[in-house]
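Okay, so here's the structure we're looking at.
Whatever order the structure lists ligands and atoms in, that order sets their numbers, starting from 1.
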Amino acid sequence: MSLIKDNIDGIRRRMDAAAEKSGRNGDEVLLIAVTKLHAPDEINEAIDSGITDIGENKVQEILDKYDRVKPVRWHLIGHLQTNKVKYIIDKVSLIHSVDSLHLAKEIDKRAANAGKTMDVLVQVNPEGEETKFGTSMDDAVKLVDDISAECPNVFIKGLMCIAPLAEDPEEVRPVFTEVKALFDRLASETRERVEMRYLSMGMSGDFEVAIEEGANIVRVGTAIFGNRNYRQEEK
Ligand SMILES: *Cc1c(COP(=O)(O)O)cnc(C)c1O
């Protein structure tokens, strides 16, 4: 039995348990395998072990690996520069990191050119950490309003956040609770092309707490593939 498959099976069991605690089924939560800095061989092994969705945080890595990875849904989960939208508009199924109207407008334009619409999440930065991208909680509603009003080819499908690093995931539970409350508020309101369906939060160190607080997408890298070889920690 492969290590990657063992890891995935173990994570799914932990996801099931966390979902049950919040009165849901584990299969209502999507596991995205975060494959940044991992090779196509490893990624294909994960896909053979049942992974349907993978996440990359850099456009260049998507382009490098795209033809060498088995059919799978690709997610862009990292910061996206406007000048790179054109390279991935026909490759990814969900962009998790929309945090400005400027970026949304570029996605809108490129989607229109490609004759398609694009599903996105709005990334929020609940603690206002300077090392992280994302809109502040206060500005998030206005951003959703503006994108809804001005980007006819962009469909907002939910919210994404990256919690602060913590030794003990319990420390960041309030962050997840706060983002879930914003998600619920937006879900209770009606806007064109806005449907609060996905709440993308939780990584290797905190996915169980995130699920307990309402996440239905978790993005897990290290717990599946082991440590990444960074020259420099990405942020
Ligand atoms: C790297 C990354 C993850 C996965 O982190 P792990 O701790 O390895 O699970 C999740 N989300 C984003 C945006 C990332 O860049």
Should we count NZ of Lys116 as having more than 12 external heavy atoms under 6.0 Å?
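Atom NZ in Lys116 is crowded, with more than 12 foreign heavy atoms closer than 6.0 Å.
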More than 12 heavy atoms of other residues, nucleotides or ligands under 6.0 Å from CD of Glu192: yes or no?
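Result for CD/Glu192: open.
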Find all atoms of ligand 1 within a distance of less than 4.0 Å from any non-hydrogen atom belonging to [X], and give their numbers and elements.
X: Ile162; result: 13 (C)
X: Thr222; result: 6 (P), 7 (O), 8 (O), 9 (O)
X: Val220; result: 9 (O)
X: Lys36; result: 1 (C), 2 (C), 3 (C), 14 (C), 15 (O)
X: Gly221; result: 4 (C), 6 (P), 8 (O), 9 (O)
X: Ile77; result: 11 (N), 12 (C), 13 (C), 14 (C)

With heavy atoms under 4.0 Å as the rule, classify the contact between Val34 and ligand 1 as side chain, backbone, both or neither.
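Side chain only.
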Measure His96 to ligand 1 on non-hydrogen atoms and call it side chain, backbone, both or neither using the 4.0 Å cut-off.
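Near ligand 1, His96 shows nothing, with every heavy atom at 4.0 Å or more.
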Ignoring hydrogens, just give me the one of Ala223, Ser204, Ser200 whose non-hydrogen atom is nearest atom 9 (O) of ligand 1.
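Minimum heavy-atom distance to atom 9 (O) of ligand 1 goes to Ser204.
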From Met160, Arg219, Gln123, His79 - option closest to atom 11 (N) of ligand 1 by heavy atom
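The nearest heavy atom belongs to Arg219.
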Going by distance alone, is a donor N or O of one side chain under 3.5 Å from an acceptor N or O of the other, for His75 and Asp53?
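Note: His75 and Asp53 side chains meet the donor-acceptor criterion.
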Looking only at side-chain N and O atoms, does Asp145 offer a donor or acceptor that is under 3.5 Å from a partner on Ser148?
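Asp145 and Ser148 do not have a side-chain donor-acceptor pair below 3.5 Å.
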Is the shortest side-chain N to carboxylate O distance from Arg12 to Asp16 below 4.0 Å?
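Judged by the 4.0 Å cut-off on N to carboxylate O distance, Arg12 and Asp16 do not form a salt bridge.
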Inspect the contact between Lys132 and Glu129 and indicate whether a charged nitrogen and a carboxylate oxygen are less than 4.0 angstrom apart.
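Yes, charged N to carboxylate O under 4.0 Å.
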Would you say Gly205 and ligand 1 have an N/O pair spaced under 3.5 Å apart?
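In this structure, Gly205 places no N or O atom under 3.5 Å from an N or O of ligand 1.
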Donor-acceptor pair, distance only, cut-off 3.5 Å: does the side chain of Asn153 make one with the backbone of Thr117?
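Here the side-chain-to-backbone pair does not exist.
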Quick one: does Val122's side chain get under 4.5 Å of Met160's, heavy atoms only?
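In short, these two side chains do not touch, never coming nearer than 4.5 Å.
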